[in-house]
Structures are given as structure tokens and as C-alpha cells.
Amino acid sequence: MKFYSTNSPNQFVDLKEAVLRSLPADNGLYMPEKIEPLPDAFWEGWREKSLSELGFEIARHLFQDGVEESALRQIVEDSINFAAPVVKLDGQTSVLELFHGPTLAFKDFGARFMARLMGWLTRDDEAMLTVLVATSGDTGGAVASAFHHVEGTRVIILYPKGKVSGLQEKQLTTLGGNITALEIEGTFDDCQRMVKSAFLDRELSTQLNLTSANSINISRLVPQSFYYFDAVRQLPEGEEAVFVTPSGNFGNLTAGILAAKLGLPVKQFIAATNKNDVVPRYLATGDYVPRPSESTISNAMDVGAPSNFVRLLELSDREHEQMKFWLKGYAFGDKETRTAIKEIKDTAGYLMDPHGAVGWLAAKEWHSENPGEGHAIVLETAHPAKFIDVMDEELGEGETPIPDRLAILEGAEKVAQLLPADEEIFKSWLKEALS
Ligand SMILES: *Cc1c(COP(=O)(O)O)cnc(C)c1O
């Protein structure tokens with residue numbers, strides 16, 4: 001399988017380059033050269049297949065001979081080693097729980113797969129692969145956990161001092177081993193600028209074999225398509241799936257449309273956003289107007305210029321009408337979201353985090369416009385305990401249980417090196433610490 005950049009549709013790179021380079025030099029995004037529907041053999045008894053078996057067959061179909069079959073099977077089995085159960089809320093609505101991975105958010109699917117794939121792609125390279133990642137919170141934790149103990153790799157995480165939650169900081173700073181956390185005396189933007197400066201330094205970049213684990217990496221998208229198949233498989237036969245995806249950078253939703261292009265039967269996709277509603281507005285008006293993001297209680301969706309919008313366009317043949325065919329869009333404010341968290345608990349006895357609650361509101365709205373049609377599957381993108389402050393405010397303290405995996409972090413010791421927000425100091429640090 002070859003990949004092209006959305007800005008240079010006639011130039012192709014192989015899987016290794018697309019995955020390790022992450023972002024093409026022309027600032028486009030990598031896309032698979034072609035997306036053919038899955039073959040008949042895939043569909044034989046597919047409802048009986050496990051999540052990781054489905055994942056293996058989908059990845060093999062997409063990558064073709066890019067990865068040896070036995071290695072690919074191992075990569076999928078090692079990375080997707082937790083379930084994504086569909087839990088029914090009522091006769092026309094279910095939740096797809098994507099928070100059963102190590103950092104309790106759906107980002108574990110993409111990050112774990114990417115880590116193992118990168119490890120395999122560089123297995124014969126002499127230099128160790130050095131992954132740099134700047135994080136404002138959740139991504140860093142998922143990436144750190146994903147690369148922990150992956151041979152031939154090491155991860156340097158930059159996070160802004162005092163600007164991530166206590167729990168998020170623990171997820172970044174307590175692993176040790178091949179994971180190093182740098183606490184930067186600055187903002188997230190400073191962290192990003194420092195990472196970029198290291199990449200732009202050709203000599204350093206080559207010497208340390210630098211790569212990036214940011215969310216637009218094509219290898220994070222592929223495994224996110226697996227659970228859409230697994231969810232349809234879990235619906236009673238004959239029920240039509242309406243997927244509701246709480247969205248920020250729109251990677252998760254792009255993976256859903258990829259699944260549909262591979263042949264998965266889906267009645268409708270729904271993009272649910274908070275007040276950062278650039279895409280719902282685009283769907284309504286045909287005008288794409290990015291703007292600075294605004295803070296909300298569903299903060300992983302506070303994105304004003306969604307990075308995967310270009311991919312959504314590409315999958316829609318760059319046509320507004322075609323995107324409207326795939327997608328409906330709804331946006332909700334914090335006040336409605338808070339009320340929804342209470343209502344879901346009262347009506348279905350279910351604890352839904354603020355991101356999932358935005359999705360639930362969109363499902364309700366869609367059903368009121370399309371009564372009796374389809375079964376809504378709301379993607380629950382994180383465990384509610386990750387947003388314990390909001391949950392406690394709405395439901396009362398002690399009502400949202402904290403899973404052991406999170407609770408255990410409270411006692412773990414933070415290990416991070418403090419650095420000023422200075423590119424030259426960061427680059428010298430890299431040279432000294434790593435070579
Ligand atoms: C990252 C994230 C999202 C947004 O996903 P995108 O793929 O960027 O649209 C939604 N919810 C949670 C909890 C997240 O961590």
C-alpha cells in the first residue's frame with residue numbers, strides 16, 4: 001500500500017515513510033492510495049470474529065504487503081488487548097465503551113498500534129527511534145503508556161508546568177524506563193515550538209532518529225476503524241447503526257468513514273461537538289471557517305481548526321454535498337451537557353463523561369428528527385473518572401467510582417526534569433541526554 005499527501009496527490013511514499021514522517025513536508029496529510037471494500041472472505045461469519053481478528057484482517061487489507069502477516073497479527077493482538085463493549089441504554093440508544101485501555105480513553109487504540117508498528121518498521125535500524133511528543137494533557141499519557149517497554153524506542157514528553165491535571169501529570173511522569181518527561185516552564189504552544197525546532201534541526205533529527213507521535217499519524221487512524229466493525233457486530237442483526245462520535249480533531253470520525261468505505265453497513269454518522277462547532281457549521285452552510293478554540297468541560301474537543309478536516313474532505317471527494325451525505329452535525333453547550341450527565345444517570349443508570357454526554361445529546365436530537373429510525377451508538381471516548389470534577393459537581397461526590405488503574409497513580413512518584421521554554425536549551429539537553 002502506498003500513501004499520498006493531500007497536497008501532492010501524485011506523489012507516493014511507502015508505509016514506513018508515512019508512519020515515521022507523520023506529517024508530509026508539504027503540510028498535507030497522508031492518505032491511503034486507494035480504499036477498496038473488504039473482500040467476500042472477510043464477511044463470511046464476520047459477526048463471530050473477535051475485535052482483534054477483525055482488526056488484523058482490516059489492517060492486512062489496508063497495508064497489503066507493507067507488513068509481514070505474522071508480525072501484523074502480533075501487532076494487532078498486542079495493541080488491541082482490551083474489549084470495546086456495546087452497552088444498551090434504551091430501545092434505540094447504546095454506548096460503545098472505548099475506555100477499557102490502560103489510560104482509559106479511546107486514544108489507547110491508536111497510540112498502542114502506532115507504537116508497535118513503529119517498533120516493527122524500525123526493527124533493523126541501528127539507531128534507537130526517539131519519539132518526541134508535546135502534550136496538553138491526554139495524548140501524552142496514551143503515547144507514554146503505548147511505547148513503554150517497546151524495544152528500540154524511547155519517548156520524550158514535553159508538557160507545560162502547572163497546566164495539566166494532577167492525574168494527567170501522573171500518567172506522564174511515573175512510568176520510567178524508556179519514557180522521559182520534561183516539565184516545561186511555559187505553555188503548550190512553547191512545548192510544540194520546542195519539538196518542532198528539534199525536527200527542523202536536520203543534523204539532530206537524523207542523529208537521534210527523531211519521529212513524532214502526534215494525532216494526525218495515519219497509523220493512529222487505522223486501528224480506530226476496528227471498533228466500528230466490532231460495534232455493528234454486537235447489534236442485533238437487522239438493526240441499522242447510527243454512529244455518534246464526540247469530535248475535536250475528527251480523527252475518530254474519519255476512522256468511522258474509513259470503515260464505511262471498507263464496506264461496513266452504517267445508516268448515518270453524526271458529528272457531535274461542544275461549542276467549538278466549526279464542522280457542524282460547515283455542514284450547515286458549506287463554509288469552513290476555523291477560529292480560535294474556546295474552553296469547555298469536554299476539553300479534549302476544544303479544537304478550533306480540526307486537523308483531520310482535510311481527510312474528511314478527501315473521503316468526501318472534496319464535495320460539501322458528499323460530506324453532508326456521510327455526516328450530520330450537532331453542537332451543544334456546557335449547560336446542556338451538564339444536564340445530560342444527570343439525565344443519563346437518572347433515566348438509564350449510566351455514568352457518562354462530558355464528551356460522551358455531548359454525543360448522547362446529539363443522538364437524542366437526531367432521533368427526534370428521525371423517529372423510529374436506526375439504533376444510535378454513542379462512542380464513549382473516555383472513562384467518566386478522568387473528569388471526576390465535573391462528574392462530582394453534577395452527581396455528587398463519591399458517585400463516580402475511580403478504577404484501580406487511576407487510583408494507583410495517586411501514590412506513584414512523579415519523575416520529571418524541569419526545563420525552561422527555550423529551544424536551544426532543549427536541543428542541548430537532547431544531545432547530552434541521548435547520544
Ligand atoms: C481526543 C478526544 C476526543 C476527540 O477525538 P478526535 O479524534 O480528536 O475527534 C474526544 N473525547 C476524548 C475523551 C478525547 O480524548
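Indexing begins at 1, ligand by ligand and atom by atom, following the structure's order. When a residue number appears, it is its place in the shown sequence, counting from 1. Source: prediction; values computed, not measured.
The only member of Phe387, Phe332, Phe99 that meets ring pair (Phe, Tyr, Trp, His ring centres under 6.0 Å) when paired with His355 is Phe387.
A cation-pi arrangement is present between Lys49 and Phe42, with the terminal nitrogen or guanidinium carbon under 6.0 Å from the aromatic centre and inside a 45° cone about the axis.
Each of Phe106, Lys107, Asp138, Pro246, Ser247, Gly248, Asn249, Phe250, Gly251, Asn252, Ala300, Met301, His355, Thr381, Ala382 has a non-hydrogen atom positioned under 4.0 Å from some atom of ligand 1.
At a threshold of 4.0 Å, the pair Lys161-Glu185 does not count as salt-bridged, since none of the basic side-chain nitrogens sits closer than that to a carboxylate oxygen. The pair Lys342-Glu393 does not count as a salt bridge, with every side-chain nitrogen at least 4.0 angstrom from each carboxylate oxygen.
In this structure, a donor-acceptor pair under 3.5 Å is present between the side chains of Asp302 and Asn274.
Contacts classified as salt bridge (charged side-chain N to carboxylate O under 4.0 Å, His left out) and involving residues 262-272 (residues at least two apart or in different chains) are given here: Glu240-Lys267, Lys267-Glu373.
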